[in-house]
Amino acid sequence: ALAMKPYDKIGPWKKSKWVSLMANIGAPQITLDPKIKTWRDLEGKTYGLDTMGSTSQFMQEWLMEYAWKNKDKVKLTYGNTANIAVDRLLDGTLDISWTGAVMLGAGEYKEWKPMPPFERLLASRQVYILDLDEKDVAAAREKTGAESLALIGGKAKKIGKSDIPAWKGLLNSLGWLVHEDMDDEIVTEIIRIIYEKSEEFKNYHAVGRGITKETIGQLPVPRDSYHRAVVKFLEAKGHKVGR
């Protein structure tokens with residue numbers, strides 16, 4: 001509600017290190033208008049962003065401001081959580097917005113399961129996804145210093161009335177963090193528990209399906225953004241850590 005930037009006035013959490021991936025959420029930019037294909041088609045359109053201060057709001061605005069240079073030519077509205085975004089796309093008060101999918105497995109293009117609002121839209125209408133470019137995301141990442149700003153790809157899939165080709169959306173990674181000075185022995189115990197119980201998270205929440213021994217070290221951040229004890233533990237198991 002206050003639209004504070006991430007980590008403002010949080011103090012010690014500026015010294016945080018990643019422990020493990022919780023889930024990779026794909027956030028494709030979606031529209032019901034087949035004429036909206038790239039960012040060049042957004043001028044004069046109404047773009048529904050997430051709640052002010054949210055990760056999704058910042059990621060989309062950063063692309064418009066630092067890569068596409070079109071923020072002043074697009075009508076932005078805020079507070080469009082996934083359900084609201086879908087409702088407004090259906091009633092025509094938004095031209096484009098976002099929604100989420102749980103991303104599963106490895107590879108450049110992953111299996112994906114749409115979250116309920118996205119599935120509702122896919123079932124009722126033909127949905128189109130805005131083309132996003134790795135170079136644009138890299139430019140916004142460099143300008144902002146947001147090291148986890150990245151794209152994630154989903155495989156082609158037909159759901160309801162929608163026939164979706166392979167796509168790339170903004171990556172919203174969820175993960176566990178600790179202070180960089182936390183004792184190595186404690187952090188090793190934390191990552192050991194997550195690693196050994198990785199197959200059980202799916203029993204408690206849908207996004208838990210994205211947690212596997214192979215993926216918990218795959219947050220889109222540099223290797224040294226993970227806690228040193230985590231790097232040691234996962235690499236000893238033969239897993240790649242970080243971007």
Side-chain angles (χ1 to χ4, degrees), residues 6-7 13 16-28 55-56 58-59 62-63 98-115 118 129 132-138 140-142 144-157 166-180 182 184 187-243:
Y7 299 106
W13 285 103
S16 60
K17 291 289 185 179
W18 291 100
V19 172
S20 169
L21 177 77
M22 290 172 65
N24 278 326
I25 305 300
T55 304
S56 296
F58 283 112
M59 291 193 299
W62 286 337
L63 276 176
W98 73 284
T99 187
V102 181
M103 310 303 285
L104 308 169
E108 182 180 2
Y109 288 92
K110 301 177 182 294
E111 295 292 341
W112 55 282
K113 181 175 177 57
M115 292 182 175
F118 190 14
I129 296 179
L132 298 180
D133 191 290
E134 298 276 5
K135 292 180 180 178
D136 291 337
V137 174
R141 184 170 60 238
E142 181 178 359
T144 61
E147 61 183 17
S148 62
L149 184 60
L151 294 181
I152 193 165
K155 292 182 178 180
K157 183 177 291 191
W167 55 271
K168 286 192 176 179
L170 287 168
L171 170 58
N172 193 351
S173 280
L174 310 179
W176 286 281
L177 289 158
V178 296
H179 193 280
E180 64 181 4
M182 183 173 281
D184 286 14
V187 178
T188 299
E189 182 67 0
I190 293 171
I191 188 60
R192 182 192 65 79
I193 293 169
I194 295 170
Y195 187 84
E196 293 181 357
K197 303 292 185 180
S198 60
E199 300 302 320
E200 297 184 24
F201 288 98
K202 63 180 180 292
N203 299 327
Y204 302 99
H205 197 284
V207 299
R209 294 177 60 194
I211 303 174
T212 68
K213 290 180 172 63
E214 290 71 30
T215 61
I216 58 178
Q218 292 183 4
L219 282 151
V221 297
R223 177 176 175 272
D224 62 5
S225 292
Y226 274 82
H227 192 280
R228 56 190 175 271
V230 173
V231 174
K232 181 179 180 180
F233 180 91
L234 291 178
E235 289 186 346
K237 301 285 187 182
H239 300 298
K240 183 178 181 294
V241 178
R243 182 185 290 127

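When reading the values below, keep in mind they use all heavy atoms of this one structure, side chains included, and skip hydrogens, waters and symmetry mates.
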### Query
Taking only residues two or more places apart in sequence, or in another chain, which ones meet Ser173 in a side-chain contact (heavy atoms from CB on, under 4.5 Å)?
Leu21, Asn24, Leu171, Leu219, Pro220
### Residues which pass side-chain contact (heavy atoms from CB on, under 4.5 Å) with Glu134, listed by chain and number, not counting sequence neighbours
Leu151, Lys168
### Task
Could you pull out all residues at least two apart from Trp112 that satisfy ring pair (Phe, Tyr, Trp, His ring centres under 6.0 Å)?
Phe118, Trp167
### Query
What residues form a side-chain contact (heavy atoms from CB on, under 4.5 Å) with Ser225, not counting sequence neighbours?
Trp18, Glu147, Val221, Pro222
### Summary
Across all chains, not counting sequence neighbours, the side-chain hydrogen bond (donor to acceptor under 3.5 Å, both in side chains) partners of Glu111 are Lys155
### Task
Provide the full list of salt bridge (charged side-chain N to carboxylate O under 4.0 Å, His left out) pairs with a residue in residues 228-239, sequence neighbours left out, each pair given once.
Asp184-Arg228, Arg223-Glu235
### Query
Quick one: side-chain hydrogen bond (donor to acceptor under 3.5 Å, both in side chains) partners of Glu189, sequence neighbours excluded?
Arg192
### Non-neighbouring partners of Ala146 that pass side-chain contact (heavy atoms from CB on, under 4.5 Å), sequence neighbours left out
Trp62, Thr144, Leu149
### Message
Main chain of Gln218, side chain of Thr215: is a donor-acceptor contact present, judged purely on distance under 3.5 Å?
### Response
no
### Message
Would you compute the distance between atom CD1 of Ile211 and atom NZ of Lys202 and round it to the nearest 0.5 angstrom?
### Response
10.0 Å
### Message
Could you work out, with side-chain hydrogen bond (donor to acceptor under 3.5 Å, both in side chains) as the rule, every residue matching Asn172, not counting sequence neighbours?
### Response
none
### Message
Restricting to side-chain hydrogen bond (donor to acceptor under 3.5 Å, both in side chains), what partner residues turn up for Glu200, sequence neighbours left out?
### Response
none
### Query
CG of Leu234 to NZ of Lys213: how many Å apart, nearest 0.5 Å?
11.5 Å
### Query
How would you list all residue pairs meeting ring-ring contact (aromatic ring centres under 6.0 Å, His included) that involve residues 213-235, not counting sequence neighbours?
Tyr195-Phe233
### Separation of Leu170 CG from Phe58 CZ (nearest 0.5 Å)
14.5 Å
